[in-house]
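Only this structure's heavy atoms are used, side chains among them; waters, hydrogens and symmetry mates stay out. In what follows, chains carry the letters A, B, and so on, assigned in the order in which the sequence lines appear, proteins first and then strands, with residues in each chain numbered from 1.
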Amino acid sequence: MGSKRGRSVIAATSIFLAMSCLNSISTTQVGTSMLDSDTFCISDQYIMQSYFTTQSSLNESEFRHLHKECSENIPYEDVPAVATLQHRDVTGEGSHRHLLTTIKLRSFHSQSHLHKLVIVERLPLGVFADPFELQSLQQRRAFRDVSVFGDTDLEQPSFRSNRSVVEIHVEINGNGETSVKLPLHARYQPIGESGYSRVEFGEPDLFLCSRHVPNQEHEQRRCLVLSVGRSKTQTRSVFWEIPAGIRSHTEYVSVVTFVAAVLSAFSILVASVLSSKVESCKNTKEL
Amino acid sequence: MASGESPYKRTTYRYSPLLALLLVPNSIIHRSWGKFIFSASDLLVGLFIREILKLRKVVCTVSVMVWLLNPFTFTIGTRGNCEPIVCAMILWIIFSLMKGNLSQAAFWYGLVVHFRVYPIIYALPIILVLDSKLFRSGPKPSLEDWNSHTSSTEKKTFHFSVRSLFSRERIMFGLISGGVFLACNAVSFYFYGHEFLHEALLYHLTRTDPRHNFSIYFYHIYLHYERQFSAVEKLISFLPQFTVQLALVFSFSKDPVFCMFLQTVAFVAFNKVITAQYFVWFYCLLPLILPWSRMKLKWEGILCIILWIGAQTHWLLWGYMLEFKGVNVLLQLWMASLVFLAANTFVLVKIIQRHRFSPLFRQYGSSDGKNVKKLD
């Protein structure tokens, strides 16, 4: 009898332990909301604003260092830090396309101070965003705020340019879902063999920040790092095939170009000289 | 610029700060101020064409219509491109020269070269036509009456002597225009420093754009972009352009307007980068040479128009496939550029062949011809 009770106690304890283990596992899988929230504070309008003053590239290892500690008086909020990428695609044709992203926040509380979703899109080498176009979109209220950082040279081909980052601020609506359409343009790609160059898009970095108060310069705002999960339908990677020059064309393109230039120049030269001769013949005849 | 900052903060601004200054009312008065100015310049060009042709005693309605009613040229101004201002300045320079107003022509020439680098190609024909036998500042130069036969006693090209090379008029022109050019650059440099030098001047001189454009060189430049071109390669690619310019100047400089027109067409056709706005540079000079062309609209004229527009449209179709459909047609697009160069060459040669050569200035001391020939 004692052993039976003992066994059931052990069983109950094991089940309890198992359940609490499961609980903690699911908590860490879900994110870092309760135990070690990755929050930081910024004093600029944009998270990426001062990034390039200390960092020089957008590699993963360097990117993680943008988090700064908060001062004591910033209120801490316990908010679920998970977002799901419901849809991500590159839409359109040709050199000018849109990166469409739909994000859903888990259990969004409209009472929270953290109202602004910040999407930091580290653009791959090979595409760029036009700051002027984004500014006009902001004026038409497609985004709350938007800015481009990094290499914003619109004309360089991709092997001469460095990467750029687009930071978009959007307000979250009631159901915690938001959709962003970012216009992008293709750069000229490095030449290759196949005639096309594949540019792959990674996941955006998402943050939830409190609203920026425009007139207060040095106020710190808290931002929460969101971990991004993919929905079941969004499993394939997003890429863009951009036309690129073909290496095997190089020699005969150069030769034919110069032959064409020489032939044209020669025809014009001959026509000019002949025309002069004809005129002077005519003139001498008339004398 | 209205808020006191440099216009070069905008990464694709590659013009003189004077243009930005001219457009400051865009921020203050109305955002279409610039377009009004450019459209007004467009009309001014039409007026100048009429005045220049009147000076040469030619009835000019059709010619003026060729400029004013050309859908390509008037849309350039209305979409906000500054080329009509440049065209107006060039025509004013020609008009001033015809009136004998050397200093005014020199002043505007210095200004226009500061504004846009390309008019530097006109330096040689202008200097050549300032031959002291033809042009003396002070008295109005006598313009060749093209109805008569006085041209029969003159040689087509200039007879050089070292003394005449440095005539008073030529030196004055050089000094005034050079002075204006340097002064404008100095003021711009003072305000905007090296940014101005790089963006407004050096960029245009060294521009090699691998992005697709009408030029035959674009694919060659793109395929070689990863490595720099050597000095020898750059020189070789510049040779066709250089030879053609020299050939045209030394063949036709006595008729500087015709010479300038041919030079502009050739310059654009052989340039490393060709964009549609460059065509306006020779469109404004075309009405000035049309009255002397033996080319009839039917059918030679129409053939030239169809070939030139056709080659352009063909290029644009491939360009559309590349840019808006994302299909790799770079090779076909490059071949379309070659076809466009062929069309340009054909039209240029035809215009040369059909032109009735007419010097601008009459030599001092020659007598008027008695015969009056009708225009055929």
Inset, instruction - Would you sort out whether A/R88 and A/T101 count as a side chain to side chain donor-acceptor pair (under 3.5 Å), showing the intermediate values? - result: CA-CA 4 Å; A/R88 190 149 161 94; A/T101 314; 3.0 Å; yes
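When heavy atoms are compared at a cutoff of 4.5 Å, B/F324 approaches chain A by way of both its backbone and its side chain. Residue contact with chain A, scored on non-hydrogen atoms closer than 4.5 Å, is absent for B/Q353. A/A244 touches chain B through backbone and side chain together, each having a heavy atom under 4.5 Å away. Contacts of A/I246 with chain B are made by both backbone and side-chain atoms, with heavy-atom separations under 4.5 Å. Proximity to chain A (any heavy atom under 4.5 Å) is shown, for B/I216, by both the backbone and the side chain.
Using cut-offs of 30° and 60° for the angle between ring planes, the B/W318 and B/H314 rings count as perpendicular. A parallel orientation is assigned to the rings of B/F258 and B/H355, their planes being inclined by less than 30° (bins at 30° and 60°).
Comparing A/T257, A/V273, A/V262 by how many heavy-atom pairs each has under 4.5 Å with chain B, the most go to A/T257. Comparing B/V327, B/L322, B/L348 by heavy-atom pairs within less than 4.5 Å of chain A, the highest count is held by B/V327. When each of B/A247, B/G326, B/A269 is scored by its heavy-atom pairs under 4.5 Å with chain A, the top score falls to B/G326. In terms of non-hydrogen atom pairs under 4.5 Å with chain B, the most contact-rich of A/A260, A/A271, A/A261, A/G92 is A/A261.
Counted within 6.0 Å of OH on A/Y196, heavy atoms from surrounding residues, nucleotides or ligands total more than 12; the atom is thus considered enclosed. For A/E200, the CD atom sits in a packed shell: over 12 heavy atoms of surrounding residues, nucleotides or ligands are nearer than 6.0 Å.
Neither side chain, A/T102 nor A/Q86, offers a donor N or O lying under 3.5 Å from an acceptor on the other. Between the side chains of B/Y222 and B/H212, no donor-acceptor pair is found at a separation under 3.5 Å. Between A/H98 and A/T91, the side chains place no donor N or O within less than 3.5 Å of an acceptor N or O (distance only, hydrogens not considered).
Taking 4.5 Å as the heavy-atom cut-off, the residues of residues 233-242 of chain B that approach chain A are B/S237, B/P240, ordered by number. For residues 331-340 of chain B, the interface with chain A (any heavy-atom pair closer than 4.5 Å) comprises B/L331, B/W334, B/L338, sorted by residue number.
Partners of A/E167 by salt bridge (Lys or Arg N to Asp or Glu O under 4.0 Å), not counting sequence neighbours: none found.
Applying the side chain to side chain contact (heavy atoms under 4.5 Å, CB included) test between A/L182 and each of A/V90, A/I119, A/L137, A/L134 identifies A/L134 as the sole match. The only option from B/L128, B/V249, B/I289, B/V129 that meets the side chain to side chain contact (heavy atoms under 4.5 Å, CB included) definition with B/C259 turns out to be B/V249. Paired with A/R144 under the rule side chain to side chain donor-acceptor pair (under 3.5 Å), one option of A/H169, A/Q138, A/E171 passes, and it is A/E171.
The stretch residues 262-274 of chain A participates, sequence neighbours left out, in these side-chain hydrogen bond (donor to acceptor under 3.5 Å, both in side chains) pairs: A/S264-B/T345.
With values rounded to the nearest 0.5 angstrom, A/R198 atom CZ is found 5.0 Å from A/E241 atom CD.
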